[in-house]
Amino acid sequence: MAACRLFCSPCWSWPSGGEPELKSLKLVLLSFFLSSAVWAGPKDVLHIYNWSGSLSDAILRQFEKSCDCRVVQNYYGDNEEMLAKLAAGAKGYDMVFPSSFVIEAMSKQKLLRPLDHAKLPNLKNVDPAYLSQSYDPGNRYTVPTVLSLTSVGYNAERLQKLGIDPHSWSVIFDPKVLQKIKGKVTVLDSSREVFAAALFYLGKNPNTASQADYRAAQAVIKQAKPYWATFSNASYLKELAVGNIWVSLGYSTEFFQAAEDARQAKRRFRIANVAQKEGNELGVDTMAVLASAKRPDLAHQFINFMLDGKNAAQLTNLNGATNPVKTAEPFFRADLKAHPVIDPTPDTVKKWTVLRELTPAERRSLARMWTEVKVSR
């Protein structure tokens, strides 16, 4: 635009009778610059609707080079925001990254386009343990990309000195253990996450638990609550990293960030994260093509690109996510290859559960029990 202003403004005088030549020059130069703007970049554009910060600039540039196209991203803060916007008729996006628990709702609303598996040869790289889950049998609409475990993150030095084993949910729910760390424990401010953890502690599967099981879990939570410092969905990362909190019920990707922050700040302690022997909830973010996509071909290319082991590993190296692509492990950072959550054994994965979607009646019941927990003393 600066060039256009320079050449299109009559900032110098011309000889009498030269106006036609000036107009011709303006038209030629304007045409040149406008044409250059069109020719400057690829014509093909993939529009992605995504979580903020989940893809690095480097991985996007690599894909753009491989497809000779351009990627444009828009962001959402949570699944509810994304689903509401798309359900309201938002257009212009080719693909999206929904969590597992909204896939059924999106498919019922016909927001997703069935995947063409013939265009996804790298689908073979995905560990079968993460495929054909209850939220999307046969992976008709989605492919898993980022996995996060609801688990325990902790100050390794503090717990070692106290002789506390973080491999059990007892570190969150057993008063005999909690009395050693009272006021140094946080849990997520999420009814689904906390009740699921309590059910695992009691030896119950959250997906098949009865109303009586939920009541038993509520009793366990109420008994443990006086020992907790707070319910937190955000601050626990920072509090762990600076040493104010010693134990948290949270997400593995957040614990990875807390560990990175503590290490970079040269703290005299280490933040660690392990799965619990009783079982854990596995959160799954997926890749999907929208029914309204204008470029489903580019969306399929991107999904296949991200299922290549070397490309998939970049997600783990960036945010500490457990990776469903089994060919990614050789490309993990050296310090992540032995991590018990980021690079788990097959036997460990068998204990992880993807939560099913609750019925409206179940959601109302859980909401009532959660309110009772929050107001209890």
Side-chain angles (χ1 to χ4, degrees), residues 54-55 59 95-104 106-107 112-151 196 200 205-208 251-253 256 273-289 296 299-333 336-357:
S54 61
L55 292 172
I59 197 73
M95 63 178 298
V96 70
F97 294 73
S99 297
S100 58
F101 61 86
V102 298
I103 302 302
E104 186 176 350
M106 294 184 76
S107 61
L112 302 178
R113 176 191 293 261
L115 295 174
D116 184 348
H117 288 194
K119 296 180 180 178
L120 302 174
N122 285 336
L123 189 60
K124 67 180 185 298
N125 295 337
V126 180
D127 189 327
Y130 302 114
L131 292 174
S132 200
Q133 297 288 326
S134 59
Y135 62 84
D136 186 19
N139 294 95
R140 185 183 182 195
Y141 296 106
T142 67
V143 174
T145 180
V146 171
L147 311 178
S148 180
L149 197 70
T150 302
S151 51
F200 282 124
N205 184 332
N207 285 338
T208 58
Y251 303 117
S252 59
T253 49
F256 170 82
N273 170 221
V274 294
Q276 281 52 65
K277 62 183 181 182
E278 300 92 345
N280 295 80
E281 174 200 342
L282 182 66
V284 182
D285 285 343
T286 69
M287 297 181 284
V289 182
H300 277 81
Q301 285 185 48
F302 185 81
I303 293 173
N304 196 59
F305 176 85
M306 292 308 302
L307 295 180
D308 173 82
K310 190 173 184 178
N311 298 330
Q314 294 188 50
L315 296 178
T316 294
N317 294 334
L318 174 69
N319 57 33
T322 304
N323 207 305
V325 178
K326 61 181 183 290
T327 54
E329 192 270 343
F331 304 100
F332 288 171
R333 279 171 25 187
L336 301 183
K337 288 185 178 181
H339 194 288
V341 173
I342 294 174
D343 194 18
T345 66
D347 287 340
T348 298
V349 172
K350 290 178 182 178
K351 295 183 178 181
W352 295 353
T353 301
V354 177
L355 297 186
R356 66 173 175 82
E357 186 177 3

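Position 1 is the first residue of the sequence, and the numbers go up from there.
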With rounding to the nearest 0.5 Å, note down the distance linking CG in L149 to CH2 in W352.
5.0 Å

Looking at N280 and A275, would you say the former's side chain and the latter's main chain have a donor-acceptor pair under 3.5 Å?
no

Validation row: I303, H300 side chains within 4.5 angstrom (heavy atoms):
no

Kindly say whether P144 contributes a backbone atom to a donor-acceptor pair with the side chain of T286 at under 3.5 angstrom?
no

State, with a plain yes or no, whether a side-chain heavy atom of M306 is found less than 4.5 Å away from one of I59.
yes

Tell me whether N122 contacts the main-chain N or O of N304 through its side chain, where contact means a donor paired with an acceptor under 3.5 Å.
yes

Would you say the side-chain atoms of T253 pair up with the backbone N or O of A321, donor to acceptor, closer than 3.5 Å?
no

Within a strict 4.5 Å, meaning less than it, do heavy atoms of the I342 and S252 side chains meet?
no

Taking V146's backbone N and O only, do any of them form a donor-acceptor pair with D285's side chain (distance below 3.5 Å, no angle check)?
no

Could you go through L315 and L55, starting from their C-alpha distance and side-chain angles, then the distance that decides it, and tell me whether this counts as side-chain contact (heavy atoms from CB on, under 4.5 Å)?
CA-CA 7 Å; L315 296 178; L55 292 172; 3.8 Å; yes

Tell me whether K337 at atom NZ has more than 12 heavy atoms from other residues, nucleotides or ligands lying less than 6.0 Å away.
yes

Donor-acceptor contact below 3.5 Å, side chain N323 vs main chain A328:
no

Any chance the side chains of N273 and S151 put a donor and an acceptor closer than 3.5 Å?
yes

Whether the side chain of R356 engages the backbone of N207 through a donor-acceptor N/O pair (distance < 3.5 Å, no angle test) should be reported.
yes

